[in-house]
Amino acid sequence: MKKTVLIIGAGGVGRVVAHKCAQNRDVFETIILASRTKSKCDLIASEIESEIITDSVNADISDEVEILIKKYNPNIVINVALPYQDLAIMNACINTAVHYLDTANYEHPDTAHFEYKEQWAKDDEFKKAGILGVLGSGFDPGVTNVFIAYAQKHYFDEIHTVDILDCNDGDHGYPFATNFNPEINIREVTANGRYWENGEWIVIPALSQKIDWDYPEVGVRDSYLIYHEEMESLVKNIPHLKRMRFFMTFSQRYLTHLKVLENVGMTSIKPILFEGKEIVPLQFLKALLPDPSTLGARTKGKTNIGVYVTGLKNGIEKTVYIYNVAQHEEAYRDTKANGVSFTTGVPAMIGAKLVLESKWSGSGVLNMEQFNPDPFMAELNLRGLPWQVIEK
Ligand code: NDP
């Protein structure tokens, strides 16, 4: 029963995954944490009482990941490096027949565009290798997909509309900082908004649609329509769907900083020549901003992420709101990380746990809503992310 897990990536999320795996030693007997900078793995290992093996790897190079996998022979690889590494790590898992799990879909470093196409294309190879590729086992994607699958299984015959509502009400005290990797975060926010209605994608200018949403335990917050990756799989896997949207809260202070940075070209990913050297403005900005993994100790407040679902049960219209409230301070006490890393890392550990316990089984590349939601929902309550259902 006891298994070996290889975690790749030692940022905010990697820290939470390592802590949470170490809290579940009955399943994760041996834990290896590897990343580009080994000292970051060592620091995380030093925070954890039981033994964590650390190593270094450049996960852009599939052969390096393959060598690492052969060295430790894990039962599953949890990829919490950056989305750029997804394909290289997936290829290494295929070649070594080891299960794969990630929290973000593949993105090419040179184009601010992400989609599942290239990961889904590996479905046959995963099936041939007899392994599972679990895509997007963070909070959103991740828990939100599972919430919707749970609503579909227990509350609806037909789901007609879904709004995913993501509020981070934490305050880290800096005028401007991003709660996870700034490059990924800013790319997401500055992209055009997109939602799905009556079988097609509607594109709108970035941050041009806003609603005021009353988040339980937080209050009313400005929530902006943005495109978010879980919608790509959900519109395929949830039948009868008429509309799906995603809203995220941003404070006016955050948006003002972002606008200025955008206007002066600092959020661009097009390389420029500076004093004879090519630099990418967004990467330079990342170097200036606070490292998200250091925000945990200073962040106070709550997150509330949930799904608001309408549809039919026995011919009667109904509404269900499923959400989780997490507390930044509590996340830090448990894992020395902020609430955003916590809400991502805990579901990554849970997904891996269910695969290793064979509660989620099979082969191929699958998104979270394609698995049985019940064991995952039960684990959320046990591992620090309890959820509520409001039924109308
Ligand atoms: P960080 O930037 O804090 O950490 C990323 C880690 O990956 C760093 O340790 C970094 O190493 C390492 N890394 C980067 N490139 C390589 C490489 N080529 N080889 C090996 N290691 C590498 O990011 P986060 O921890 O905030 O995020 C991790 C992942 O989680 C991202 O993919 C992000 O998109 C995803 N995420 C998902 C969410 C969800 O809800 N689904 C929400 C938030 C994040 P180094 O320190 O040397 O740079």
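Along the sequence shown, residues are numbered consecutively beginning with 1. When a ligand or atom number is given, it counts from 1 through the structure's own listing order. Values in this document were obtained by computation on a predicted structure and should not be read as measured data.
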Using ring-ring contact (aromatic ring centres under 6.0 Å, His included) as the criterion, list what pairs up with Y84, not counting sequence neighbours. none
Measure the spacing between CG of N58 and CG of L68 and express it to the nearest 0.5 Å. 11.5 Å
Residue pair F176 / P290: nearest heavy atoms and the distance that separates them: O-CD, 3.9 Å
Between E330 and R333, is there a side-chain N and carboxylate O pair less than 4.0 Å apart? yes
Tightest non-hydrogen contact, residues A18 and L33, listed as CB-CD2, 4.3 Å
Using a threshold of 4.0 angstrom between heavy atoms of the protein and any atom of ligand 1, which residues qualify? G9, A10, G11, G12, V13, S35, R36, T37, K40, V57, N58, A59, D60, V80, A81, L82, P83, Q85, T103, A104, G138, F139, D140, P141, F180, N181, I184, T344
The single option from D86, D102, T103 passing side-chain hydrogen bond (donor to acceptor under 3.5 Å, both in side chains) against N79: D86
